[in-house]
Amino acid sequence: MLEVRNLYKTYRSKTGVNVLATNGVSLKFKKTGLCFIVGKSGCGKSTLLNLLGGLDRPDGGEIIINGTSSLKFSQSDFDSYRNTYVGFVFQEYNLLKDFSVGANVALALELKGEKASDDRINDILKSVDLD
């Protein structure tokens, strides 16, 4: 489902120095299962995840999503991809503080156009061991 080919991303630091965040990364993810990305602070983990999720664009290389190159993706295509296949849990969580966990999940479902039934919410929470 997801493959990365020769992915490059460079950022300009606050001091004006170019920082190579990903340097020709190539990998292929299995259709199911878990993958852990580990490394020291500043080694490019978050950059890679942002690239994989379409939150940022690479400077070089490509991401193959379900057999289609991301080079052909519009922003709308990336939005649809994130809405259907990718989920993010940010370090700062980005949850609505006045909502319960279930209400946050329900909102995400409703934004996808799905009915947010209690059974569906509980199934989602169970699938990520948060039941």
Side-chain angles (χ1 to χ4, degrees):
M1 177 193 136
L2 189 61
E3 181 179 353
V4 175
R5 294 182 186 162
N6 207 27
L7 208 60
Y8 286 87
K9 181 66 181 177
T10 302
Y11 291 105
R12 184 172 294 275
S13 73
K14 292 178 184 177
T15 60
V17 176
N18 284 341
V19 177
L20 188 59
T22 59
N23 186 7
V25 174
S26 294
L27 50 95
K28 195 181 272 192
F29 293 94
K30 293 181 179 181
K31 188 172 182 174
T32 60
L34 296 174
C35 177
F36 296 89
I37 300 172
V38 296
K40 293 180 180 180
S41 178
C43 74
K45 301 179 301 291
S46 294
T47 298
L48 178 60
L49 291 173
N50 287 336
L51 293 168
L52 291 174
L55 297 175
D56 205 352
R57 296 274 183 160
D59 296 326
E62 64 182 326
I63 302 166
I64 310 298
I65 301 164
N66 289 331
T68 302
S69 172
S70 64
L71 297 175
K72 300 176 183 178
F73 272 35
S74 66
Q75 189 58 50
S76 175
D77 292 328
F78 270 116
D79 293 344
S80 177
Y81 160 67
R82 272 192 306 279
N83 199 23
T84 307
Y85 295 105
V86 177
F88 282 92
V89 178
F90 294 95
Q91 289 173 332
E92 299 299 321
Y93 303 117
N94 292 335
L95 297 174
L96 299 174
K97 292 180 183 181
D98 293 334
F99 282 37
S100 67
V101 171
N104 272 278
V105 173
L107 177 61
L109 286 169
E110 290 167 3
L111 290 171
K112 281 182 63 175
E114 291 186 29
K115 186 173 186 275
S117 69
D118 287 342
D119 287 341
R120 180 70 174 121
I121 292 167
N122 289 330
D123 287 344
I124 290 170
L125 292 173
K126 186 175 182 178
S127 73
V128 294
D129 291 330
L130 289 175
D131 53 333

- request: State, to 0.1 Å, how close R120 and L109 come at their nearest heavy-atom pair, and which atoms those are.
  value: CG-CD1, 3.7 Å
Validation row: N122, D131 side chains within 4.5 angstrom (heavy atoms): no
message: For S69 versus F73, what's the shortest heavy-atom pair and its separation?
response: O-CD1, 3.6 Å
- prompt: Ignoring hydrogens and geometry, is there a side-chain-to-backbone donor-acceptor pair from R82 to V86 under 3.5 Å?
  reply: no
task: Look only at the side chain of K45 and the backbone of K40, and say whether a donor-acceptor pair between them is shorter than 3.5 Å.
output: yes
S13 and T15 side chains, donor-acceptor separation under 3.5 Å: yes
- prompt: Do S74 and D77 have a side chain donor and acceptor closer than 3.5 Å?
  reply: yes
- prompt: Which heavy atom in L2 sits nearest to a heavy atom in I65, and how many Å separate them?
  reply: CD1-CG1, 3.8 Å
Cluster overlap V17 with L20, hydrophobic side-chain contacts below 4.5 Å: no
Same cluster (ILVMFWY, side-chain, under 4.5 Å), V4 and I37: yes
- request: Describe, in one word, how the ring planes of F78 and Y81 are oriented to each other, choosing from parallel (under 30°), tilted (30 to 60°) and perpendicular (over 60°).
  value: perpendicular
task: Report yes or no: do Y11 and L48 belong to one cluster of Ile/Leu/Val/Met/Phe/Trp/Tyr joined by side chain heavy-atom distances under 4.5 Å?
output: no
field: Minimum heavy-atom distance between A116 and I121, given as atom pair plus value
entry: O-CD1, 3.8 Å
- prompt: Can you check whether E62's main-chain N or O pairs, donor with acceptor, with S70's side chain at less than 3.5 Å?
  reply: no
- prompt: Quick check: does any side chain N or O of N104 sit under 3.5 Å from a backbone N or O of L96, one acting as donor and the other as acceptor?
  reply: yes
- prompt: Would you say D118 has more than 12 foreign heavy atoms packed within less than 6.0 Å of its CG?
  reply: no
- prompt: Can you name the nearest heavy-atom pair linking F29 to C35, along with the distance?
  reply: CE2-SG, 3.4 Å
field: N83 (side chain) donor-acceptor with D79 (main chain) under 3.5 angstrom
entry: no
message: Nearest 0.5 angstrom please: L55 CG to T47 OG1, how far?
response: 11.0 Å
task: Using the rule that two of Ile, Leu, Val, Met, Phe, Trp, Tyr join whenever any of their side-chain heavy atoms come within less than 4.5 Å, decide whether I64 and Y85 are in one cluster.
output: no
query: Any side-chain heavy-atom pair from Y8 and N23 closer than 4.5 angstrom?
result: yes
- request: Measure from the side-chain N and O atoms of D56 to the backbone N and O of N50, and report whether any donor-acceptor pair falls under 3.5 Å.
  value: no
- prompt: Is it the case that one hydrophobic cluster holds both V101 and F99, taking links as side-chain heavy atoms less than 4.5 Å apart, direct or via other members?
  reply: no
- request: Could you pull out the closest heavy-atom pair between T10 and D59, with the gap in Å?
  value: N-OD2, 2.6 Å
query: Roughly how far apart are I63 CD1 and E3 CD, rounded to 0.5 Å?
result: 11.0 Å
